Peer 1: 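Have a look at this one before I ask anything.
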Amino acid sequence: MTEINYWLMKSEPDAYSIDTLKNESETLWDGIRNYQARNFMRKMNKRDKVFFYHSNCKPPGIVGLMEVIDLNIVDPTQFDKDSKYFDPKSKPENPKWDCVKVKFISKSNKILSLPELKILFSEDELLVVKKGNRLSILPVQKDIAKIILEKL
DNA sequence: GCCAACGTTGGC
DNA sequence: GCCAACGTTGGC
């Protein structure tokens, strides 16, 4: 029985939104090209919960909840020449990028906006409230996650 | 290994 | 459109 951990993953709603996930019910979280973000995905376990954060939109904030359902999947987009995530340096015998599969759990009734997150939490508690933070995948401490869950 | 230049993310 | 905060790249 592995422990349930909490994460936050960002996506621009123009590229992939909570509504798209709701329709598709599950998706590969591919296209991650940042080592720190990739390494966080490697630390995930099945059944971990993930807050879905809409970035680069107005207003930015947490819009729903997902669950990790599959791990360590080779990111197919790194070998797809037509994909914007194509990585010519990655070889099939030694793939650089992998990802997880997530499923939709719920869409929140109200967006938990970044300003609200800033009121609730400090930079140290919740990295997403840190100015200029660009990491698209972040761990969320359990006590912080509980507070967020109550607000969704 | 250092570091300057450049690129990207994403809030505002 | 601006800019802060990084990550990446490449010359040396």
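What's counted below: heavy atoms across the whole structure, side chains too, no hydrogens, waters or symmetry copies. Just so it is clear: chains get the letters A, B, ... in the order the sequence lines come, proteins before strands, and each one is counted from 1. Just so it is clear, the model here is predicted, and its values are computed rather than measured.
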Peer 1: Determine: side-chain N/O of A:Tyr35 to OP1/OP2 of C:dC6, distance under 4.0 Å, yes or no.
Peer 2: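 The answer is no; no side-chain N or O of A:Tyr35 sits under 4.0 Å from OP1 or OP2.
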
Peer 1: Which one, B:dG11, B:dT9, C:dA4, comes nearest to the side chain of A:Lys131?
Peer 2: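 Looking only at side-chain atoms, A:Lys131 lies closest to C:dA4.
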
Peer 1: Closer than 4.0 Å, any side-chain N/O of A:Lys89 to the OP1 or OP2 of C:dT8?
Peer 2: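 Result: no.
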
Peer 1: Which nucleotide wins on minimum distance to the side chain of A:Ser55, given the candidates B:dG10, B:dC12, C:dA5?
Peer 2: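 Side chain of A:Ser55 sits closest to B:dG10.
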
Peer 1: For A:Leu135 and C:dC6, give me the distance from atom CG to atom P, rounded to whole Å.
Peer 2: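 Distance, rounded to whole Å: 9 Å.
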
Peer 1: I want to check one thing: is the phosphate of B:dT9, taken as OP1 and OP2, less than 4.0 Å away from some side-chain N or O of A:Lys10?
Peer 2: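 Answer is no, no contact under 4.0 Å.
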
Peer 1: Please report, rounded to the nearest Å, how far the C1' atom of B:dG10 is from the CG atom of A:Leu127.
Peer 2: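 Rounded to whole Å, this separation is 15 Å.
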
Peer 1: Ignoring the backbone of A:Pro60, work out which of B:dG11, B:dG10, C:dG7 is nearest its side chain.
Peer 2: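 Shortest atom-to-atom distance from the side chain points to B:dG11.
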
Peer 1: Rounded off to whole Å, could you give me the CD1-to-C1' distance for the A:Ile111 and B:dG11 pair?
Peer 2: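 Nearest whole value for this atom pair: 13 Å.
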
Peer 1: Does any pair with a residue in residues 102-119 of chain A pass side chain to side chain donor-acceptor pair (under 3.5 Å), and if so which ones, sequence neighbours excluded?
Peer 2: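 Non-adjacent pairs meeting side chain to side chain donor-acceptor pair (under 3.5 Å): A:Asp19-A:Lys107, A:Lys110-A:Glu116, A:Ser113-A:Glu116.
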
Peer 1: Applying the side-chain contact (heavy atoms from CB on, under 4.5 Å) test to A:Met44, which of A:Asn5, A:Asn72, A:Val68 qualifies?
Peer 2: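 Only one of A:Asn5, A:Asn72, A:Val68 forms a side-chain contact (heavy atoms from CB on, under 4.5 Å) with A:Met44, namely A:Val68.
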
Peer 1: Verify the neighbour count for atom NZ of A:Lys43: are there more than 12 heavy atoms of other residues, nucleotides or ligands below 6.0 Å?
Peer 2: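 No, NZ of A:Lys43 has 12 or fewer neighbouring heavy atoms, counting only those of other groups under 6.0 Å.
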
Peer 1: Would you say the ring centroid of A:Phe52 lies under 6.0 angstrom from that of A:Trp7?
Peer 2: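 Not close enough - the centres of the two rings lie 6.0 Å or further apart.
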
